Amino acid sequence: MKRTPKDTATGSRRLTRRALFVGGLQASFIGVLAWRMRFLQVDQADEFRMLAEENRINIRLIPPARGEIFDRNGVAIARNEPAYRITIVREDAGDIDTVLGRLSHLVKLDPEEIERAMTEMKRSAPFLPITLADRVSWEDVSRIAVNTPALPGITPEVGLSRGYPLAQDFAHVVGYVGPVSDYDLSKLEDPDQLLRIPRFQIGKVGLEAKMEDQLRGSAGARRVEVNAVGRVMRELDRREGVPGANLQLTTDYRLQNYVQARLAGESAAAVVIDCEHGDLLAVGSAPTFDPNLFVEGISVTDYRALTENKYRPLAAKAVQGIYPPGSTFKMVVALAGLEAGVIGPEDTFYCPGYIEVSNRRFHCWKRGGHGSVNLEGSLQHSCDVFYYELAMQVGIEKISEMAMKLGIGVHHDLPMSAVATGLAPTKEWKRTVRGQDWVIGDTVNSAIGQGFVLASPLQLAIMASRVATGRNVTPRIIKSIDGVEQPSGSGESLGLNPNNLRHVRQGMFEVSNNRRGTGYGARIIAEGYRMAGKSGTSQVRNISAAERAAGVTSNADLPWERRDHALWVDFAPFDNPKVAVCVVVEHGSGGSSTAAPIARDITLQALFEGDPPLDAYPAKDRDAVRERQERLRALRPDVEREKKSRA
Amino acid sequence: MSYLEYAVKTTPSGLRKVLYLNWPLALLLTAVASVGFLMLYSVAGGSFTPWAEPQMKRFALGLAVMFAVGMVPIWFWRNISGVAYGISLMLLIAVELFGSIGMGAQRWIDLGPLRLQPSELMKIALVMFLAAYYDWLPARKVSHPVWVILPVLIILVPTFLVLKQPDLGTAILLLTGGGAVMFIAGVHWAYFVAVIAGAVGLVSAVFESRGTDWQLIKNYQFRRIDTFLDPSTDPLGAGYHITQSKIALGSGGWAGRGYMQGTQSRLNFLPEKHTDFIFTTLAEEFGFVGGIALLVLYALIIMFCVSSAMTNQNRYAALLTLGITTTFFLFFAVNMSMVMGLAPVVGVPLPLVSYGGSAMLVLMLAFGLVQSAHIHKPR
């Protein structure tokens, strides 16, 4: 196609015009880009800088070290032990099956755990460590460490886990920790962010639970730089957490061990309290269990074995168990009568073996009766009729008032689980709770610690210590928190007439040391260590008239659940009380026959801070005692005294 | 216009052509490519592998291609324009039939050592063919409907093929690049007004088709448009690219966070940080100053090309140069609009900076044509 010069000229002019137009469009769009760049990079720079930092920086929590718990000598009861676990990092491992195959030759792997780890591995990022085995022994860890080159991606990691070196001795006092559960979280309104850490250990029961806030400490944090998929690139800064407070208890690990060992085989509880400061030297409950089982989560079999045992190993009977105190309550009634001026120390009641009250017959434990008895004699022989008569004259209100004064039926503020309040009944109480009027028979029953009266072994030990000192001895279990001494529980005077107290104490002394006292069989003969005690045998069933007629009263013929509880309280030494002790043996039949010998052993252990000399015992008991001392000595824990000056 | 019309005497020949090269353009291209090397070195965490070193080799090869193409007289390129277009079209059809699958789209043709992307070739071939067409067509016939339908078909056939791959970015470039050549060649305003009106209609039709049987574009393309319109609706999913890209840009601030200090790219928050999103790394590490500097380099390239075209009496050479310039402009304009959140995310690389062999070589070949037009302009 031939083209004219004119055609060419118009074409090229138009081209120049259009080219300029297009060039202008392009220039203005470049201007738009520059303006947009300015908007993003200058006007909004700060905002985007902040977003970039948010992208980049992650806060990771550092769990603090949990506070440790020591006994009064500085021996560790609960501590943080290194816990080893084996982890695998998928991206480093390469062929996972080969690596696992090699690993299984070195250590025993649980197929279930491996299964779980494999599914977890598929879900999570390849650089995250997945736990293959928990609580691995040091031997296994070293075996893996030696074979590291053949095990790419496998790392033994160390963390801290709670350990209870004294195992079952302190199970009921200290309790245990366990992995935090959804249930734990749901109970808290604003849970500490630490609790969001998987398997973070928190106190579940006992001191561990009650003192959780002090023991846990507060989380530290580290700021790390992460990439888009969450891999940590480097640590930017680090703020260590505040470790939890260390607790020192008032308990003595040797005495506690002795108590647990001495009670073993029975369903029983014992409390030893220091009369001078209110320090709880031992708080024992039998049978017991190993708290270490609970730390990583207990197996179903183990747990069922504990819950289905009729001796209830999980119950801290010393503070949670409440029992009719039986004759150990007689000191309360006696003091109430003396303080009210209803009787004098030398006044007597006549005991024919029973009394009739509103057409009901109340028996004394001695069918033939004690004849004429005064106050000290009533304690020494544990005459029931004396107290029936006395109680009816004093009235239930004054008795309950005295009971509470001495620590029964009131709450004692101890950091342990479900500390029982017991019951010192009043007319008002029966009306509001039971909806019934108080009848005279109730007062008669209460007089000998039956009926509605309920007390825990702890409360009975407190009662004994208050009778022994006349002071408002208050129990304490925590001696110091992080080295700060906690207030002493020695208490002020109760305001009781010292003369009245002296007579009651004398009565208790006669129980143990008078040839005809109910506790004479379990006396201490070492001068300066003699004890004053009181036995109690509380019925757990009503004896029917038919049974009484048939004469089936021997506990040995009854099934275990229906036998009487055996109780004993004492304090020693008589002239200068140092310790007060209560022993309760559930369904142990007789206070003086079952509970008293145990209490004597414990009292002597507490006074001598170890095995007492054999000549503290009456000659005929010594062989049995020597044999028992040797047997129990073998059970004593071998602790290195790592005294913590901080605690 | 045949080669006989060229004033042969005033056209350099032999080695003297080197003196007539558009040297400022060559220097500017090298400067832009060097920015690319710098950034590829940075995003690899301070390493020449895996990106910076191959990219340098390719650019060296590209320079050689540019010089070689530039040495060849422009009338040769004019004469093979139709052939180039035909071959490119056939390759596009071949890819459609048995091309291999890459990144979910059929884009590559495997020629042993070289993996060819015919859509890249087509960008140049289309411009060449249209320039030759308007060189051949007398100026007075340019706006005649018959002579308008023909180039429209020339543009739409490859555009359709590329859209089918699917490669929305290249399709847009072909359409706009071809349209620009037509506009520069002098087609009447009214046609463009009509097309723009039609495009608006088409866009509404596309949105209308969403969820129906005759849906015109793929779901992921819809989602990209959605997230363009409001990236915050899905910050971790489809909106992730654009959100992170804006964060990187914005956090660069005035002077940037320093070379190799960009946390967004170094910690992998940026997607495709070595290809389509490489500009964000530049803007993060060198800030507003660095971003503007690159923009200025691009503007200068456009300027030198446009001024070369305007002083060229050869209609084919001028049209070709302007067409290539516009395509080049569209490349970086679309890419930058995308990373700055002004346009939806479409797969368009930043020319000469993004990592990628095929695109770089084709671009250098195109600038070879610009050089050829420049050297062989009638003087």
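Chain naming here is simple, since letters A, B, ... match the order of the sequence lines and numbering starts at 1 in each. Since this is a predicted model, take the numbers as computed values, not measurements.
- Within the 4.5 angstrom heavy-atom criterion, no atom of A:Phe39 approaches chain B.
- For B:Ala333, the parts lying near chain A are the backbone and the side chain together; criterion is any non-hydrogen pair under 4.5 Å.
- If you measure heavy-atom distances from B:Ala248 to chain A, you find no contacts under 4.5 Å at all.
- For the atom pair A:Met50 CE and B:Ile247 CD1, the distance stands at 9.5 Å (nearest 0.5 Å).
- Between A:Val22 and B:Phe183 the shortest side-chain heavy-atom distance falls below 4.5 Å.
- Heavy atoms of B:Leu322 lying under 4.5 Å from chain A belong exclusively to its side chain.
- Within the 4.5 angstrom heavy-atom criterion, only side-chain atoms of B:Ile302, from C-beta onward, approach chain A.
- Both the sub-6.0 Å distance and the 45° axial angle are not jointly satisfied by A:Arg38 relative to the ring of B:Trp254.
- Looking at heavy atoms from C-beta onward, A:Leu33 lies in side-chain contact with B:Leu342 at the 4.5 angstrom threshold.
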Could you check B:Glu284 against A:Phe48 for side-chain contact (heavy atoms from CB on, under 4.5 Å), going step by step and ending with a plain yes or no? CA-CA 11 Å; B:Glu284 188 187 20; A:Phe48 283 120; over 6 Å; no

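- Residues B:Met310 and A:Leu15 form no side-chain contact, since every pair of their non-hydrogen atoms from C-beta on lies 4.5 Å or further apart.
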Do A:Leu40 and B:Phe288 pass the side-chain contact (heavy atoms from CB on, under 4.5 Å) test, and can you show the C-alpha distance, the side-chain angles, and the key distance before you say yes or no? CA-CA 9 Å; A:Leu40 288 176; B:Phe288 180 64; over 6 Å; no

Should A:Gln26 and B:Tyr298 be marked as a side-chain contact (heavy atoms from CB on, under 4.5 Å) after you check the CA-CA gap, both sets of side-chain angles, and the distance that decides it? CA-CA 11 Å; A:Gln26 295 183 357; B:Tyr298 279 135; over 6 Å; no

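- With B:Ser251 as the partner, the side-chain contact (heavy atoms from CB on, under 4.5 Å) test is satisfied by one option alone out of A:Glu53, A:Arg49, A:Gln41, A:Glu47: A:Arg49.
- At a 4.5 Å heavy-atom cutoff, the contact between B:Ala299 and chain A is made by backbone and side-chain atoms alike.
- Side chains of B:Met336 and A:Phe29 form no contact here, defined as non-hydrogen atoms less than 4.5 Å apart.
- Shown here is A:Arg14, whose CZ atom has no more than 12 heavy atoms of other residues, nucleotides or ligands within 6.0 Å.
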